[in-house]
Amino acid sequence: MPDIEGTNEAKQYYTEIPQTSKCYFLKGSNSLDWGMKNRLGRIFNPTSGNTVMLAIDHGYFQGPTTGLERIDINILPLVPYADTLMLTRGILRSIIPPDTQKSIVLRVSGGTSILKELSNESLAVDIEDAVRLNVSAMAVQVFIGGEYEKDTIINMTKTVDMGIRYGIPTLAVTAVGKDMVRDAKYFRLATRICAELGAHYIKTYYVSEGFETIAASCPVPIVIAGGKKIPELDALKMAYRSIQEGAAGVDMGRNIFQSDSPIAMIHAVRAVVHDNETPETAFELYKTLKNKKS
Ligand code: 5RP
């Protein structure tokens with residue numbers, strides 16, 4: 001039996017202190033349920049408001065991409081420095097140690113390869129499996145203007161509906177087809193459609209003109225993809241500008257894992273995303289860490 005003696009005397013109700021109710025730190029997310037907010041708070045750092053997602057899901061449509069041939073050897077050493085891993089359930093189950101403390105964003109769309117029309121995707125993961133894997137968000141590709149535009153939008157809205165049932169947020173990934181113009185006008189359209197239809201945050205590409213209008217007109221957080229490998233300083237400049245112009249982080253793959261020194265690069269990206277360092281300072285950090293290793 002619990003010891004109840006003296007408990008009446010010990011109680012302290014602080015009647016003079018009203019209970020506070022804080023606004024949630026992420027843009028457009030204040031009305032979400034507790035589980036959604038808790039999961040988003042495992043992806044986005046509540047102090048900086050931003051995230052460094054490490055994207056390693058490329059294999060789901062293009063096989064063993066350069067730098068991802070051996071995820072156990074090349075990627076596991078990077079995991080401690082990412083806020084979140086974005087990947088498929090196959091890689092998660094086969095390679096990522098289940099005692100990881102990192103949040104997971106699970107790729108849930110798929111069904112096509114580089115040999116066929118890429119926009120012809122379906123949902124490729126059952127919500128129950130996302131729950132079993134304890135993921136913090138589900139990522140689904142949306143091809144606005146693509147051949148299967150409507151199907152991919154419906155893939156996203158279904159993911160949003162299923163996720164709401166279990167408190168799992170949806171990341172809409174705006175995909176660009178080979179012949180599509182990548183400009184602010186297009187990405188304003190794509191990101192806004194995804195947000196209007198319920199995505200909790202959106203991944204898009206950085207554009208050098210007008211990115212701030214994409215971020216401003218999207219009512220939920222935006223993260224940028226890194227895109228194809230470019231020199232480290234240029235990738236850091238892109239990440240820096242995106243943050244200054246309203247992005248809440250990066251979901252970066254090739255510009256990290258294809259770098260000459262992926263660990264140095266992810267540290268440098270973190271400096272820009274979380275500590276507001278300039279690209280030049282972050283690049284110095286990159287060089288120092290790279291040289292230390294060699
Ligand atoms: C693949 C993806 C990738 O996760 C995304 O493109 C990010 O990787 P990278 O920085 O290499 O572009 O969504 O469809």
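Both counts, for ligands and for their atoms, begin at 1 and track the order of listing. Count residues from 1 along the sequence.
- Taking the six-membered ring where the residue is Trp, H267 and Y81 present tilted rings, their angle falling between 30° and 60°.
- One hydrophobic cluster, built from ILVMFWY side chains closer than 4.5 Å, holds both M156 and I127.
- Residue contacts with ligand 1 for R107 involve side-chain atoms from C-beta outward but no N, CA, C or O (heavy atoms, distance under 4.0 Å).
- Contact analysis puts D57 in contact with ligand 1, with a non-hydrogen atom separation below 4.0 angstrom.
- The side-chain heavy atoms of K102 and I96, taken from C-beta on, include no pair separated by under 4.5 Å.
- Taking the six-membered ring where the residue is Trp, F44 and Y201 present perpendicular rings, their angle passing 60° and hence far from 30°.
- For atom 7 (C) of ligand 1, the closest non-hydrogen atom of the protein is K203 NZ, 3.1 Å.
- For the ligand labelled ligand 1, residue F257 lies outside the 4.0 Å heavy-atom shell.
- Distances between N or O atoms of M86 and those of ligand 1 include no value under 3.5 Å.
- Taking atom 8 (O) of ligand 1 as the reference point, the nearest protein heavy-atom neighbour is H58 NE2, 3.1 Å.
- Heavy-atom distances between K229 and ligand 1 stay at or above 4.0 Å for every pair.
- Here's the thing with R254: one of its N/O atoms is less than 3.5 angstrom from an N/O atom of ligand 1.
- At a heavy-atom cutoff of 4.0 Å, ligand 1 is contacted by no atom of K228, backbone or side chain.
- Some N or O of G253 is nearer than 3.5 Å to an N or O of ligand 1, by distance alone.
- Annotation: Q141 places an N or O atom under 3.5 Å from an N or O atom of ligand 1; distance criterion only.
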> Given D129 and R132, is the salt bridge (Lys or Arg N to Asp or Glu O under 4.0 Å) satisfied, shown in steps?
Replying inline: CA-CA 5 Å; D129 209 27; R132 264 193 293 275; 3.0 Å; yes
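- The other members of the hydrophobic cluster of Y14, by chain and number, are I17 (side-chain heavy atoms under 4.5 Å, ILVMFWY only).
- The atoms of ligand 1 that sit less than 4.0 Å from any heavy atom of A55 are 4 (O), 7 (C), 8 (O).
- Listed by atom number, the atoms of ligand 1 under 4.0 Å from D251 heavy atoms are 7 (C), 10 (O).
- Inclusion of M252 in the set of residues having an N or O under 3.5 Å from an N or O of ligand 1 is not warranted.
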> side-chain contact (heavy atoms from CB on, under 4.5 Å) between L289 and I263: does it pass, once the steps are laid out?
Replying inline: CA-CA 8 Å; L289 294 174; I263 289 187; over 6 Å; no
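- Considering T47, D83, N50 in turn, D83 is the only one that fulfils the side chain to side chain donor-acceptor pair (under 3.5 Å) rule with H274.
- With ligand atoms numbered from 1 in the order given, ligand 1 contributes 1 (C), 14 (O) to contacts under 4.0 Å with heavy atoms of F61.
- Here E147 does not pair with K150 in a salt bridge; the nearest charged N to carboxylate O distance is not below 4.0 Å.
- With 3.5 Å as the limit, one finds no donor-acceptor pair spanning the side chains of T66 and Q258.
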